[in-house]
Amino acid sequence: EKILTKVPRERAEDVIYFDPGDTERPMAFNMLDYATPEQKDFVVQETVGIFYKLFGEELIGPKFEHWTRNGILTLMDDEETGAVLFDLPRLFSEREFMQAKIAKVKDPVVKSFWQREMAQTSDFHKSEMLGYFISKFGRFITNEMMRNIIGQPKSAFDIRQVMDEGKILIMNLSKGRVGEINSALLGMIAVSKIQM
């Protein structure tokens, strides 16, 4: 907020002020947004990495990572609607939604995950994993502020464009306004977008 007051008047139009605490005008910031195939792979890796950072290796593990990776790649193959993190639990829990998304998968490895691996996994083992898997998203899905920010398919700003056009991006990730976990998640998304 102090930095915002220091921006020269002639640069005011160049400022993008991302304030998740502003619930009246939420700005979309989709962690699964990408422009190139290389960025697609980077986004998947970074998203998995973010969950490791948020919950620790002992709570994530290889199976969660495997489901997350294949789930995100499945959602990303639907170019019409775009991919959002909140659709990941739906992908594994809502049959019709799952089938609609799988029908759009182009990657043979991802298709094999659904047609072979998931199809051959017993309902008991799926349901055992499902509750554990979905619980990692609950704190963000049930938070209306976060839903309005990371639940939209197209981000309100493009970090690459911000850099190329010499804009000024100010992100207010104050823990007091958005909460510690939300602040951490949005900060990690921002860092990965800058690296991408």
Side-chain angles (χ1 to χ4, degrees), residues 14 16 18 20 26-57 59-92 97-118 133 136-137 140-141 146-171 173 181-196:
D14 292 325
I16 298 166
F18 177 70
M27 288 177 79
F29 195 41
N30 182 5
M31 67 195 297
L32 304 183
D33 226 355
Y34 71 97
T36 67
E38 296 78 26
Q39 287 180 350
K40 184 178 183 179
D41 291 335
F42 187 85
V43 166
V44 174
Q45 289 173 28
E46 285 296 300
T47 303
V48 169
I50 285 170
F51 276 96
Y52 273 115
K53 288 174 190 160
L54 284 174
F55 298 105
E57 286 193 36
L59 287 179
I60 298 300
K63 193 162 213 154
F64 177 90
E65 182 178 335
H66 188 56
W67 277 35
T68 302
R69 188 178 302 283
N70 282 285
I72 291 171
L73 288 168
T74 300
L75 294 172
M76 286 177 155
D77 266 356
D78 187 348
E79 293 165 11
E80 271 179 58
T81 59
V84 293
L85 188 67
F86 295 152
D87 282 342
L88 206 47
R90 285 184 68 200
L91 187 63
F92 289 93
F97 183 77
M98 177 195 303
Q99 289 171 339
K101 295 295 179 183
I102 293 170
K104 296 185 178 187
V105 172
K106 297 171 209 74
D107 186 324
V109 175
V110 177
K111 212 164 201 51
S112 173
F113 168 78
W114 294 104
Q115 293 174 339
R116 291 199 176 87
E117 191 175 331
M118 287 304 281
F133 182 78
K136 301 298 172 274
F137 301 91
F140 307 115
I141 293 172
M146 290 301 282
R147 252 195 336 259
N148 289 335
I149 295 167
I150 62 176
Q152 298 182 53
K154 192 75 184 139
S155 294
F157 54 93
D158 178 334
I159 300 235
R160 172 84 261 162
Q161 189 178 4
V162 169
M163 292 175 171
D164 289 348
E165 295 177 7
K167 302 280 187 194
I168 301 167
L169 175 62
I170 299 174
M171 303 183 90
L173 302 180
I181 294 284
N182 295 336
S183 175
L185 175 64
L186 292 168
M188 285 187 266
I189 295 170
V191 169
S192 75
K193 292 282 185 193
I194 291 166
Q195 288 174 334
M196 186 169 73

In the structure I gave you, are the side-chain heavy atoms of [X] and [Y] within less than 4.5 Å of one another anywhere?
{"X": "Glu165", "Y": "Asp14", "result": "no"}
{"X": "Pro20", "Y": "Leu186", "result": "yes"}
{"X": "Glu46", "Y": "Met196", "result": "no"}

Run the numbers on Met98 and Met118 for side-chain contact (heavy atoms from CB on, under 4.5 Å), then give the verdict.
CA-CA 11 Å; Met98 177 195 303; Met118 287 304 281; 6.0 Å; no
Strictly distance-based, threshold 3.5 Å: is any side-chain N or O of [X] a donor or acceptor partner for the main-chain N or O of [Y]?
{"X": "Asp33", "Y": "Ser155", "answer": "yes"}
{"X": "Lys193", "Y": "Asn30", "answer": "yes"}
{"X": "Thr47", "Y": "Val43", "answer": "yes"}
{"X": "Asp78", "Y": "Lys101", "answer": "no"}
{"X": "Ser183", "Y": "Leu173", "answer": "yes"}

Other residues, nucleotides, ligands: >12 heavy atoms within 6.0 Å of Lys106 NZ:
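Atom NZ in Lys106 is crowded, with more than 12 foreign heavy atoms closer than 6.0 Å.
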Enclosure of Lys104 NZ (heavy-atom neighbours >12, cutoff 6.0 Å):
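Above 12, so yes.
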Hey, could you give me the [atom1]/[atom2] distance between [X] and [Y], rounded to the nearest 0.5 Å?
{"X": "Phe140", "Y": "Leu88", "atom1": "CZ", "atom2": "CG", "result": "12.5 Å"}
{"X": "Leu75", "Y": "Leu85", "atom1": "CG", "atom2": "CG", "result": "9.0 Å"}
{"X": "Phe97", "Y": "Phe92", "atom1": "CZ", "atom2": "CZ", "result": "11.0 Å"}
{"X": "Phe42", "Y": "Gln195", "atom1": "CZ", "atom2": "CD", "result": "4.5 Å"}
{"X": "Phe133", "Y": "His66", "atom1": "CZ", "atom2": "NE2", "result": "11.0 Å"}
{"X": "Met31", "Y": "Ile72", "atom1": "CE", "atom2": "CD1", "result": "7.0 Å"}

Could you give me the CA-CA distance, side-chain angles and deciding distance for Tyr34 and Asp41, then say whether side-chain contact (heavy atoms from CB on, under 4.5 Å) is met?
CA-CA 9 Å; Tyr34 71 97; Asp41 291 335; over 6 Å; no
For [X] and [Y], work out which heavy atoms get closest and say how close.
{"X": "Lys154", "Y": "Ala28", "value": "O-CB, 3.2 Å"}
{"X": "Ala83", "Y": "Leu32", "value": "O-CB, 3.6 Å"}
{"X": "Ile189", "Y": "Ile50", "value": "N-CD1, 4.0 Å"}
{"X": "Asn70", "Y": "Trp114", "value": "O-NE1, 4.4 Å"}
{"X": "Glu65", "Y": "Val48", "value": "CG-CG1, 3.4 Å"}
{"X": "Pro153", "Y": "Gly82", "value": "CB-CA, 4.4 Å"}

May I ask you to decide whether Lys167 forms a salt bridge with Asp158, counting only side-chain N to carboxylate O separations under 4.0 Å?
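No, this pair does not count.
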Hey, would you say the Tyr52 and Phe64 ring centroids sit under 6.0 Å apart?
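No, the ring of Tyr52 stays outside the 6.0 Å limit from the ring of Phe64, centre to centre.
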Working note: Thr68 + Lys136, criterion side-chain contact (heavy atoms from CB on, under 4.5 Å); need CA distance, chi angles, decisive distance, verdict.
CA-CA 11 Å; Thr68 302; Lys136 301 298 172 274; over 6 Å; no
Can Leu185 and Met146 be said to form a side-chain contact (heavy atoms from CB on, under 4.5 Å), step by step?
CA-CA 10 Å; Leu185 175 64; Met146 290 301 282; 3.6 Å; yes
